[in-house]
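First comes the structure, then the notes that go with it.
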Amino acid sequence: MIEARHLRVLRTVARTGSFSAAARELGCTQPAVSQQMRALERTVGTLLLVRTGRETRLTEAGEALVRHAAGILASLTAAEEEVAAIAGLRAGRVRLVSFPSASATLVPGVFAALRAEHPGVRMSLVEAQPPPSVEMLREGECEIALAYRYPEPAAGIAGTARAGSGAPDTGEEWGEDGLVVRPLLTDRLVGLLPRGHRLADAERVELAELAGESWIAGCPRCRRQLVRICERAGFTPRIDFATDDYPAAVGLVGAGLGVAVLSEMALEPVRLSGVRTVRIGPEVRREVVALTLPDLARVPVVAAVLDRLSAAARR
């Protein structure tokens, strides 16, 4: 394999016309130049230079290699500069896949701070729920995926689900094998009741007290979790409305069309008009995590975004 340092020496010899002149320009000894040229000739398997007295001239093969060396070394320099820019966060990109409530709360501040500090870094955001978002990470469609999971049933919830409810949602359905998992925060679920509801002024509402209500559910994964926690409380919820849009869910509750359970993160950017939030019992929390691959975690821009996500989650 031809080494770049040998090509640089060859170009210098061709330009200066002698080994000694090349050595002076390169800041090394004449024997060192000769040694490198012999090594290059052994690599390519042919003579590249002919010494005639004090002068050195290129053979036909040497002339061909010098012509190509210009482009090779220029491309290598450009590559070195681009890699240095990425390593120094002067360039690069990070593609983030996030679920909607994190997109509205964690992501904007993180991306704004990154853009202010490193304007050369390109950022993009696509929304997807886990597990599809995790599959996108594994398939190379993003560098970071934000996801959530319900690690264990909270205290007071029966450890065994009722028949038909399925296994507890622990995050195992999308798996963590081979992933770097950065825990960010714990997000509590709260109940949403119409302002005139009989339990709207209660400090805490047991889910069993809402067994006969009309329910408003969120995304399919959130819907499955709602069914699980209600079945653990002894009933199957009657879901009359389902929407992935959190303001729409709040609007339906505010209009008196039903009750809901949503995460505090989902409600943070939403105007709560006509609704009351109440603590629910048994308490349910979900863990929000950032996921990436081990090799990607060492990329400077990915590491920077992970650090900023952790800092944003602590606020």
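Just so it is clear, the model here is predicted, and its values are computed rather than measured.
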In this structure, are over 12 heavy atoms from other groups packed under 6.0 Å from E117 atom CD? yes
So do R232 and V284 actually touch side chain to side chain, heavy atoms under 4.5 Å?
no
Between V250 and S273, the two heavy atoms sitting closest are CG1-N, 4.4 Å
| So, E25 and T12: side-chain donor and acceptor under 3.5 Å apart, yes or no? | no
**Message:** Taking the side chain as everything from C-beta on, heavy atoms only, tell me whether H68 gets closer than 4.5 Å to I2.
**Reply:** no
Notebook entry, point to check: Using 4.0 Å as the upper bound for N to carboxylate O, is an ion pair formed by E55 and R57?
Noted result: no
Closest heavy-atom pair, V278 versus L199, reported as atoms and distance to 0.1 Å, is CG1-O, 4.3 Å
Heavy atoms of P194 and V259 approach each other most closely as CD-CG1, 4.1 Å
- request: Would you indicate whether R195, at its atom CZ, is surrounded by more than 12 heavy atoms from other residues, nucleotides or ligands within a distance under 6.0 Å?
  value: yes
- [ ] Check whether more than 12 heavy atoms from other residues, nucleotides or ligands sit under 6.0 Å from atom CD of E139, and answer yes or no.
- [x] yes
When every non-hydrogen atom of I144 is compared with those of A290, the smallest separation belongs to CG2-CB, 4.4 Å
Tightest non-hydrogen contact, residues A14 and L58, listed as CB-CD1, 3.7 Å
Q.
A cation-pi test, strictly: NZ or CZ of R221 under 6.0 Å from the centre of the six-membered ring of Y148 and no more than 45 degrees from its axis. Yes or no?
A. yes
Quiz prompt | Short N-O contact, R198 and E213, less than 4.0 angstrom | solution = yes
Please determine if E206 and R204 form a salt bridge, counting it only when a charged side-chain N lies under 4.0 Å from a carboxylate O. yes
Residues R182 and S310: side-chain donor-acceptor under 3.5 angstrom: yes
In S98, P269, P108, the residue satisfying side-chain contact (heavy atoms from CB on, under 4.5 Å) with S103 is S98
What one should report as the nearest heavy-atom pair of V180 and A297 is CG2-CB, 4.2 Å
Exercise for the section: Kindly indicate, with the supporting measurements, whether the criterion side chain to side chain contact (heavy atoms under 4.5 Å, CB included) is fulfilled by Q36 and L10. Expected result: CA-CA 9 Å; Q36 292 196 50; L10 176 64; over 6 Å; no
